[in-house]
Amino acid sequence: MTPQRFEKIQQVLNRRQPDLTVITDQVHKGQNLSAILRTCDAVGIHRVHAVYDTGYFRPHTGTAMGSQKWVKTEVHRKITVPIEQLQQQGFQVLAAHCNKGAMDYRNVDYTRPTALVLGAEKRGISGPALDKVDGCVVVPMMGMSESYNVSVACAIILAEAQRQRAIAGFYRQCRLPDEEYRQLLFEWCQPVIARFCQARDLVYPELDDTGHLVNPQQFSALANRP
């Protein structure tokens with residue numbers, strides 16, 4: 001762990017947006033999923049929701065460029081579950097979907113807690129999702145194509161969300177809860193030790209101000225205990 005690496009990790013965590021997220025509704029293509037994760041990481045999203053009736057999620061690692069390590073993914077079998085959970089937490093849940101009442105994506109207040117629902121490559125947003133969302137947004141099209149690729153639409157819309165949040169100062173101070181910040185800091189700085197602790201149900205040891213263990217000998221003795 002170099003000082004530069006530790007500083008970069010801290011900077012990224014300080015810009016994470018806990019009240020901005022994405023829900024993918026049966027998006028199956030690995031390259032699309034990975035491009036979505038990469039965009040989410042770029043705008044400061046640290047948790048997304050993926051919905052599959054099989055309960056299985058597999059991004060394309062080449063397209064993700066490692067962003068799957070930095071963005072947590074919660075997998076659900078039913079689209080109504082993450083939508084209802086987020087609405088109960090005060091999120092506005094908006095679907096990227098072209099219908100009669102859809103708003104231009106630039107006319108949305110993304111400084112509010114917001115979840116963006118993205119539909120499957122061919123079918124789009126599912127009926128159960130449309131029945132639950134608070135509204136729909138659309139990216140205006142000027143050509144013959146009816147829509148952008150789902151990952152491109154995601155990037156366009158989230159770029160606007162980032163712009164609004166930057167103007168509002170949302171990236172100037174850490175917005176993660178303290179406990180979650182400390183947990184992520186440890187997992188990003190010490191991923192091997194974090195996995196070891198998770199497998200053995202151990203509390204993460206304390207880090208010093210360089211990202212290393214404060215007392216590595218004590219942790220080693222604990223880890224080697226029969």
Side-chain angles (χ1 to χ4, degrees), residues 12-13 15-61 63-64 66-97 105 108 110-137 148-162 165 170 175-177 179-181 183-184 187-188:
V12 171
L13 285 175
R15 293 192 290 258
R16 280 317 201 217
Q17 304 293 298
D19 56 353
L20 182 64
T21 189
V22 163
I23 304 171
T24 60
D25 184 7
Q26 302 292 337
V27 177
H28 291 97
K29 292 184 179 179
Q31 289 185 327
N32 282 337
L33 287 167
S34 298
I36 289 170
L37 286 178
R38 190 172 175 181
T39 295
C40 287
D41 175 51
V43 303
I45 292 174
H46 80 297
R47 178 176 286 106
V48 301
H49 301 265
V51 178
Y52 302 97
D53 46 19
T54 61
Y56 184 68
F57 172 80
R58 185 176 183 179
H60 187 279
T61 54
T63 308
S67 56
Q68 72 275 11
K69 296 187 297 184
W70 315 116
V71 180
K72 292 183 177 293
T73 303
E74 295 186 11
V75 181
H76 310 268
R77 290 181 180 271
K78 294 179 62 177
I79 187 64
T80 54
V81 172
I83 292 177
E84 291 176 348
Q85 287 178 349
L86 290 166
Q87 286 172 331
Q88 290 169 5
Q89 295 170 24
F91 280 67
Q92 60 175 348
V93 180
L94 305 173
H97 179 74
Y105 78 102
V108 173
Y110 295 103
T111 63
R112 293 178 54 190
T114 303
L116 176 66
V117 184
L118 300 166
E121 288 81 358
K122 292 184 178 180
R123 294 176 295 172
I125 304 294
S126 63
L130 289 175
D131 290 339
K132 289 288 185 179
V133 298
D134 300 306
C136 296
V137 295
Y148 285 98
N149 170 275
V150 62
S151 64
V152 175
C154 173
I156 292 171
I157 296 170
L158 290 183
E160 173 63 15
Q162 179 187 11
R165 285 171 171 250
F170 280 27
R175 304 185 66 240
L176 289 172
E179 183 176 350
E180 187 171 13
Y181 178 93
Q183 176 186 334
L184 289 172
E187 291 172 356
W188 290 13

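Positions are given from 1 along the sequence.
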Check: Passes side-chain contact (heavy atoms from CB on, under 4.5 Å), Thr24 versus Ile36? Steps please.
Finding: CA-CA 9 Å; Thr24 60; Ile36 289 170; 4.1 Å; yes

Item checked: Side-chain donor-acceptor contact under 3.5 Å, Gln183 with Glu179 ->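 Checked: Gln183/Glu179 side chains show no N/O donor-acceptor pair below 3.5 Å.
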
Mind checking whether [X] and [Y] have side chains closer than 4.5 Å, heavy atoms only?
| X | Y | answer |
| --- | --- | --- |
| His49 | Leu86 | yes |
| Trp70 | Arg16 | yes |
| Gln26 | Val51 | yes |
| Glu160 | Val108 | no |
| Thr21 | Phe91 | yes |
| Arg112 | Leu20 | no |

Point-to-point distance, once rounded to the nearest 0.5 Å, from [atom1] of [X] to [atom2] of [Y]:
| X | Y | atom1 | atom2 | answer |
| --- | --- | --- | --- | --- |
| Leu33 | His28 | CG | NE2 | 8.5 Å |
| Leu130 | Cys136 | CG | SG | 5.5 Å |
| Thr80 | Lys132 | OG1 | NZ | 6.5 Å |
| Ile45 | Cys154 | CD1 | SG | 7.0 Å |
| Tyr181 | Leu13 | OH | CG | 5.5 Å |
| His97 | Leu118 | NE2 | CG | 13.0 Å |

Item checked: Evaluation steps, side-chain contact (heavy atoms from CB on, under 4.5 Å), between Ile157 and Tyr110 -> CA-CA 10 Å; Ile157 296 170; Tyr110 295 103; 3.5 Å; yes

Notebook entry, point to check: Just by distance, do the side chain of Gln17 and the backbone of Phe170 share a donor-acceptor pair under 3.5 Å?
Noted result: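 Yes; judged by distance alone, with no hydrogens or angles, the pair exists.
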
Checklist line | Test item: Thr39 side-chain N/O and Leu37 main-chain N/O as donor-acceptor pair under 3.5 Å | finding: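 Not confirmed, Thr39 side chain does not pair with Leu37 backbone.
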
Next item on the list: Provide the full list of salt bridge (charged side-chain N to carboxylate O under 4.0 Å, His left out) pairs with a residue in residues 18-27, sequence neighbours left out, each pair given once.
Entry: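 Listed once each, the pairs are Asp19-Arg165, Asp19-Arg175.
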
Check: Does the pair Glu187 and Lys72 meet the rule for a salt bridge (Lys or Arg N to Asp or Glu O under 4.0 Å), with working shown?
Finding: CA-CA 12 Å; Glu187 291 172 356; Lys72 292 183 177 293; 3.4 Å; yes

Check: Who pairs with His46 by ring pair (Phe, Tyr, Trp, His ring centres under 6.0 Å), at least two apart in sequence or on another chain?
Finding: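 Here no residue qualifies.
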
Check: Which one of Val137, Val117, Val133 satisfies the side-chain contact (heavy atoms from CB on, under 4.5 Å) criterion with Leu94?
Finding: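 It is Val137; the other options fail the test.
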
Checklist line | Residues in side chain to side chain contact (heavy atoms under 4.5 Å, CB included) contact with Ala153, at least two apart in sequence or another chain | finding: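 Only Tyr148 meet the side chain to side chain contact (heavy atoms under 4.5 Å, CB included) criterion with Ala153.
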
Notebook entry, point to check: Would you call Lys78 and Glu84 a salt bridge, taking side-chain N to carboxylate O under 4.0 Å as the test?
Noted result: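 No, this pair does not count.
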
Determine the minimum heavy-atom distance between [X] and [Y], stating which atoms define it.
| X | Y | result |
| --- | --- | --- |
| Cys40 | Leu158 | SG-CD1, 4.2 Å |
| Ser151 | Ala35 | CB-CB, 3.6 Å |
| Ile125 | Ala96 | CG1-O, 3.8 Å |

Margin query: Apply side-chain contact (heavy atoms from CB on, under 4.5 Å) to residues Ile23 and Val48 and explain how you reach the verdict.
Written below: CA-CA 6 Å; Ile23 304 171; Val48 301; over 6 Å; no

Next item on the list: Could you walk me through whether Trp188 and Val12 pass side-chain contact (heavy atoms from CB on, under 4.5 Å), step by step?
Entry: CA-CA 11 Å; Trp188 290 13; Val12 171; 3.7 Å; yes

